[in-house]
Asks: 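Here you go, one structure.
Quick note: numbers below take in every heavy atom, side chains included, and nothing from hydrogens, waters or symmetry partners. As the structure lists them, so they are numbered: ligands from 1, and atoms in each ligand from 1.
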Amino acid sequence: MSYPYQITSEEGYHAAWKKSIEDPEGFWGEIAEHFEWKRKWDKVLDWNFREPSVKWFDGAQLNITENCIDRHLKTKAHEPAIIWEPNDPNDHHRMFTYQQLHFKVCQFANVLKNNGVQKGDRVCIYMGMIPELAIAVLACARVGAIHSVIFGGFSAQSIADRLKDAQAEFIITCDGAFRGAKDIPLKNVIDDALISCEFVKRVIVYTHTRTAVSMIKGRDVWWEDEIRKVETAGNPDFPAEVMNAEDPLFILYTSGSTGKPKGVVHTCGGYMVYTNYTFVNVFQSQPEDIHFCTADIGWITGHSYIVYGPLSAGTTSLMFEGIPTFPDAGRFWDIIDKYKVNILYTAPTAIRSLMAFGLGPVHGKDLSSLRVLGTVGEPINEEAWHWYDEHIGKKKCPIVDTWWQTETGGILISNMAGITPSKPSYATLPMPGVEPLLVDDKGVEIKENNVTGNLCIRSPWPATIRTTYGDHERCRTNYFATYDNLYFTGDGAYRDENGYYRITGRVDDVLNVSGHRIGTAEVENAINMHAGVVESAVVGFPHDVKGQGIYAYVIYSGSHGDEEMTRRDITATVSRIIGPIAKPDKIQLVTGLPKTRSGKIMRRILRKIAEGEVENLGDTSTLLDPSVVDQIKNSRL
Ligand code: PRX
């Protein structure tokens, strides 16, 4: 057994789950003993969901980077911590042993310190998927600064909103990022964001794509120059800052049902224990594994299962800069073959898009090193599940369907590879420490099986969201006030006769496009920014590859250009305001929207029309003007 707390049998799973619910403090206290703390906790858990207030390992002190790096130096200093595969397969890959990673993280922690970054400061990181991104994240954690990574697909406006919300005075970025055939000018985007963020004191710029960038005196510095200064000073070591278990580790912005993204806050101690525990158990990882998670570190999956989970477990994390279809649709399979990957963790969207290329790109690739496959981010349809099972896992690799959220920090519901049974399209059973329940719309628990309901969690797990940055009330109303004394996930779920959960999707106004969360209100706000747009309503519709697509109904009063041009202008506006990831797939120009007499848009009707279900729209008699519905139906895209 590689990790003393690794579950090795189905009975072991049931026993662990039972114990964790009956005695959470005893259960997690024992697991936490296997980490390095500078001071032990006074109390394992203290909580109430009404405020909410959740404290794990309170009184304990640690630094997560000592658990992710330093403690492995005794036994595996020369083993790979991070392997990096570049976007262009002809470029050189890079590898960092745990010792080299230690050196790089300490060196960059010194750079941060020299540039004025202190414990508790918010540092925004906006980079492509290069090793320096992981190094920057870990260096922030080393100095006790709170990192806020922003995905490279967000616009200047989105960055500015996040910088202001977090009052982040420091930025780490690079000149540009390669993604497939594209070269994304990240520093330019930052420059645009900073026009309205004069409080930003320092921008550290890493050179990657060698795109020309503007460097503003007194504000912008080159990463490489700053490293040279540390080298000249001679001592690259950086003693890890002592953090309280409940000190914030990071902020990660995510979309909700309102227009403004929320800064989800995770703290040092509980997040570390939980991401490690779930990594080790769900994937049944071994210390010598090569773990390939294809997510971007800009999302929670990358935080938890590229950086903190795998490194705290001492495995090798494979980081890939590019996209699954560049230079061709065999790229993932080439990477698995090249590095003898043991665990592949990806999104259903990626699987579906690769399926569309047929089996040609898989042929001739040696995938025999694979032991476990995983999916995350959105429901996986059975067809994609079976394709993954047959053609990638060759029916020998268990597939873990892992359900979780930015707010949950780590996986909450999933089978454990080869330990508990899988069932296509089901996330199946909760992790130890997690007690899911279904409630009806009134908040009454539905206890039977073979039912659908709103998915809630009864008590905290160590990586529970602690707050939304700068606005605790928002955290309470969003997650803890819908149903009394429960964490509400925003998802619906079905529970079968065995008690297995199948996630049916969001029950709020949040879309899941290619596994990325986008609020309908956010997209509407962006569309409404376009001159000439009077009003808009955005809904999701089923999309073969993306899972969900974005369908926008827009009332447009402008007279500039034809309809097609107007659609393109609106798309460009959304791209400018949120980023390319939020571009609507379909924009239908309409003369009115179906509203009740009180002025509320009846989204149910719009959703049905977008889904193509135009015949059975239900009761439309409460509409102010029912004829609007016919107009919309008749001009449906
Ligand atoms: O709707 C659920 C869906 O993704 C949402 C969380 O999105 P985000 O915070 O961006 O985190 C994604 C990566 C953890 C959930 O509310 N979701 C996530 N995993 C699954 C899923 N839906 C179905 N099955 C899953 N395995």
Side-chain angles (χ1 to χ4, degrees), residues 149-151 153-154 250-257 261-266 271 274-275 278-279 282-283 293-306 308-309 345-352 373-382 384-385 388 399-415 422-431 434 436 454-457 461 463-465 468 478-479 482 487-494 500-520 522 540 546-548 581-582:
V149 185
I150 302 180
F151 175 63
F154 280 112
F250 66 83
I251 305 172
L252 187 56
Y253 284 87
T254 190
S255 297
S257 33
K262 300 175 286 237
V264 172
V265 175
H266 284 289
Y271 175 82
Y274 195 71
T275 50
T278 50
F279 175 72
V282 170
F283 301 101
C293 168
T294 70
D296 191 291
I297 293 178
W299 306 110
I300 191 68
T301 307
H303 281 60
S304 302
Y305 300 109
I306 294 178
Y308 291 113
Y345 191 29
T346 194
T349 292
I351 299 168
R352 286 190 296 262
L373 303 177
T375 77
V376 59
E378 48 181 324
I380 180 160
N381 48 313
E382 291 202 26
W385 194 99
Y388 201 29
I399 298 178
V400 289
D401 179 348
T402 65
W403 172 82
W404 57 297
Q405 312 177 297
T406 305
E407 295 85 345
T408 72
I411 297 163
L412 289 200
I413 303 183
S414 171
N415 51 317
S422 62
K423 180 172 175 181
S425 83
Y426 279 72
T428 75
L429 295 172
M431 287 295 104
V434 176
N454 297 323
L455 180 63
C456 295
I457 313 288
W461 58 99
T464 303
I465 177 177
T468 43
N478 261 289
Y479 307 107
T482 316
Y487 168 78
F488 176 43
T489 63
D491 278 318
Y494 174 77
Y500 290 4
Y501 288 87
R502 183 165 74 85
I503 309 304
T504 50
R506 303 287 305 193
V507 294
D508 53 9
D509 291 324
V510 172
L511 305 178
N512 194 327
V513 182
S514 304
H516 300 156
R517 250 164 89 168
I518 300 167
T520 53
E522 238 178 301
K546 298 177 177 184
Q548 259 189 319
I581 56 168

Asks: Could you please spell out the steps behind the ring pair (Phe, Tyr, Trp, His ring centres under 6.0 Å) verdict for Tyr487 and Trp461?
Replies: CA-CA 11 Å; Tyr487 168 78; Trp461 58 99; 5.4 Å; yes
Asks: Has the side chain of His516 got a donor or acceptor atom that lies under 3.5 Å from a matching backbone atom of Ala582?
Replies: no
Asks: For Ser304 and Tyr271, run side-chain hydrogen bond (donor to acceptor under 3.5 Å, both in side chains): C-alpha distance rounded to whole Å, both residues' side-chain angles, the deciding distance at 0.1 Å, then the answer.
Replies: CA-CA 9 Å; Ser304 302; Tyr271 175 82; 2.7 Å; yes
Asks: Can you classify the ring geometry of Phe151 versus Phe154 as parallel (below 30°), tilted (30 to 60°) or perpendicular (above 60°)?
Replies: perpendicular
Asks: Please confirm whether the backbone N or O of Ile411 pairs with a side-chain atom of Tyr305, one donor and one acceptor, at under 3.5 Å?
Replies: yes
Asks: Show your working on side-chain hydrogen bond (donor to acceptor under 3.5 Å, both in side chains) between Tyr345 and Thr301 and close with a plain yes or no.
Replies: CA-CA 10 Å; Tyr345 191 29; Thr301 307; 5.4 Å; no
Asks: Using a 4.0 angstrom limit on heavy atoms, which residues are close to ligand 1?
Replies: Ile300, Thr301, Val376, Gly377, Glu378, Pro379, Asp401, Thr402, Trp403, Trp404, Gln405, Thr406, Asp491, Ile503, Arg506, Asn512, Arg517
